[in-house]
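Quick caveat, the model's predicted, so the values are computed rather than measured. Lettering of chains follows the sequences in order, A, B, ..., and the numbering in each one begins at 1.
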Number of protein chains: 2
Amino acid sequence: MDKLTATSMFESLASGVRLDIVRLLVGHGREGLVAGEIAEKLELPRSNLSFHLKTLTRAGLVTVTQEGRYQRYRADLAAMQDLVAYLTAHCCAAEEGECELSGVETSC
Amino acid sequence: MDKLTATSMFESLASGVRLDIVRLLVGHGREGLVAGEIAEKLELPRSNLSFHLKTLTRAGLVTVTQEGRYQRYRADLAAMQDLVAYLTAHCCAAEEGECELSGVETSC
DNA sequence: ACAACGATTCAATAGTCGTTGAACCATTGA
DNA sequence: TCAATGGTTCAACGACTATTGAATCGTTGT
């Protein structure tokens with residue numbers, strides 16, 4: 001994962017609303033949710049939700065597929081795990097390896 | 001870790017400059033670096049660096065201690081690991097547990 | 001074709017963030 | 001005490017982010 005991807009993912013998760021969306025989607029796994037269901041559960045205006053979903057999609061944290069007139073959103077767990085790996089490698093990697101890196105190269 | 005702490009940490013890491021600072025500090029472990037050394041290595045104006053260090057300190061990702069007229073900054077590895085744990089628990093936790101959570105409660 | 005529906009896009013606004021040099025504060029050393 | 005040094009704070013500016021309702025686009029079903 002490159003730095004630009006990581007920062008845009010962090011930026012996506014820096015919003016309370018978007019973090020709620022991600023957690024909701026993660027909780028619904030492969031099935032995901034259509035936009036209207038998300039809006040209803042989080043009580044968000046449609047246009048605002050659409051704005052945040054676009055941000056999350058651009059960052060690669062969620063995927064979207066069209067189902068007729070619905071848009072189904074799913075959390076991208078692989079991307080999440082990549083982000084965790086990036087964070088661990090670059091921000092938990094001191095000299096003596098007190099953080100068990102499991103094969104990822106460190107930052108120093 | 002509560003949501004507000006997590007989002008402010010993510011916000012801190014959402015900036016390329018601040019991510020550079022964190023990585024640099026992580027690479028210098030317990031010893032850390034004084035502000036001038038950071039500014040020199042990253043070629044940043046002092047005032048701008050001070051701004052970003054303040055953001056990182058407020059978020060709890062770095063600590064600062066005074067040494068005479070110097071300010072020594074260190075990465076807070078425990079905070080980083082808490083953030084990794086939060087991210088894993090809330091964003092890598094689908095129904096069937098395909099992400100090995102190691103004892104952290106999931107979000108669903 | 002057309003009305004209904006789900007969702008996105010647009011325009012406008014308010015607020016926040018990032019950057020810079022100058023001014024300021026605190027500590028050191030002569 | 002006074003100049004030098006390390007850092008932070010301030011003021012100003014430009015750029016970006018979040019939010020909202022209205023307008024728009026695409027799909028469905030009659």
Side-chain angles (χ1 to χ4, degrees), chain A residues 3-25 28 31-76, chain B residues 3-25 28 31-76:
Chain A
K3 192 168 100 175
L4 197 62
T5 304
T7 51
S8 86
M9 285 183 176
F10 286 135
E11 188 179 353
S12 285
L13 298 173
S15 148
V17 173
R18 286 193 294 265
L19 193 53
D20 287 341
I21 295 172
V22 167
R23 291 171 57 176
L24 183 62
L25 287 177
H28 284 78
E31 187 188 357
L33 290 171
V34 298
E37 295 172 324
I38 303 172
E40 192 184 355
K41 283 175 193 285
L42 299 181
E43 297 180 15
L44 287 174
R46 300 301 175 89
S47 61
N48 189 19
L49 173 64
S50 198
F51 167 78
H52 288 300
L53 285 172
K54 193 174 165 188
T55 300
L56 287 166
T57 305
R58 266 197 310 246
L61 290 174
V62 310
T63 62
V64 56
T65 56
Q66 185 161 1
E67 291 184 1
R69 73 181 106 178
Y70 300 84
Q71 299 289 115
R72 181 166 296 272
Y73 288 90
R74 296 180 177 87
D76 188 332
Chain B
K3 192 168 99 175
L4 197 62
T5 304
T7 51
S8 88
M9 285 184 177
F10 286 135
E11 188 179 352
S12 285
L13 298 173
S15 149
V17 173
R18 286 193 294 266
L19 193 53
D20 287 341
I21 295 171
V22 167
R23 291 171 58 177
L24 183 62
L25 287 176
H28 284 78
E31 187 188 358
L33 290 171
V34 299
E37 295 171 324
I38 303 172
E40 192 185 355
K41 284 175 192 286
L42 299 181
E43 297 179 14
L44 287 174
R46 298 302 174 89
S47 61
N48 188 19
L49 173 64
S50 197
F51 166 79
H52 289 300
L53 285 172
K54 193 175 166 190
T55 300
L56 287 166
T57 305
R58 267 198 310 247
L61 290 174
V62 311
T63 62
V64 56
T65 57
Q66 186 162 0
E67 291 185 1
R69 73 181 105 178
Y70 299 84
Q71 300 289 116
R72 182 166 296 273
Y73 288 90
R74 294 180 179 87
D76 187 333

### Message
Applying a 4.0 Å non-hydrogen cut-off, can you work out what B:R72 is touching in the nucleic acid: base, sugar-phosphate, or nothing?
### Response
nothing
### Task
Could you tell me whether A:E37 contacts a base, only the sugar-phosphate backbone, or nothing, with contacts defined as non-hydrogen atoms closer than 4.0 Å?
nothing
### Message
The test is side-chain contact (heavy atoms from CB on, under 4.5 Å); show your working for B:L42 and B:V17 and say whether it passes.
### Response
CA-CA 9 Å; B:L42 299 181; B:V17 173; 5.7 Å; no
### Summary
Among D:dT8, C:dT8, C:dG18, the one nearest any side-chain atom of B:Y73 is D:dT8
### Message
Tell me which residues in residues 58-71 of chain B lie within less than 4.0 Å of DNA chain C, going by non-hydrogen atoms.
### Response
B:Q66, B:G68, B:R69
### Query
How close or far is atom C1' of C:dT19 from atom CD1 of B:I21, stated in whole angstroms?
13 Å
### Message
For DNA chain C, which residues of residues 40-52 of chain A approach it to below 4.0 angstrom with any heavy atom?
### Response
A:R46, A:S47, A:S50
Please output the side-chain donor-acceptor pairs of residues 57-64 of chain A that fall under 3.5 Å, not counting sequence neighbours, one pair per line with the distance.
residue : atom : partner : partner atom : Å
A:T57   : OG1  : A:L53   : O            : 2.6

### Task
Using atom CG of B:L13 as one end and atom P of C:dG18 as the other, report the distance to the nearest whole Å.
12 Å
### Query
Within this structure, what is the CG-to-C1' distance between B:L19 and C:dC17, rounded to whole angstrom?
17 Å
### Query
Rounded to the Å, how far apart are A:K54 NZ and D:dT19 P?
15 Å
### Message
Is it the case that atom CD in A:E43 sees more than 12 heavy atoms from other parts of the structure closer than 6.0 Å?
### Response
no
### Query
With distance as the sole test, does B:S50 use its side chain to make a donor-acceptor pair with the main-chain N or O of B:R46 at under 3.5 Å?
no
### Task
Write down the distance between CG (B:L53) and P (D:dG7), rounded to a whole number of angstrom.
10 Å
### Summary
Which of A:L24, A:L25, A:L19 passes side chain to side chain contact (heavy atoms under 4.5 Å, CB included) with A:I21? Answer is A:L25
### Query
Is the side chain of A:S15 donor-acceptor paired with the backbone N or O of A:E11 at a distance under 3.5 Å, no angle test?
no
### Task
Measure the spacing between CD of B:Q66 and CZ of B:R72 and express it to the nearest 0.5 Å.
12.5 Å
### Query
Judged by atom type as modelled, is there a donor-acceptor pair below 3.5 Å linking the side chain of B:T7 to the main-chain atoms of B:K3?
yes
#### Entry: Pairwise distance CD(A:Q71) to CD1(A:I38) - rounded to 0.5 angstrom
10.5 Å
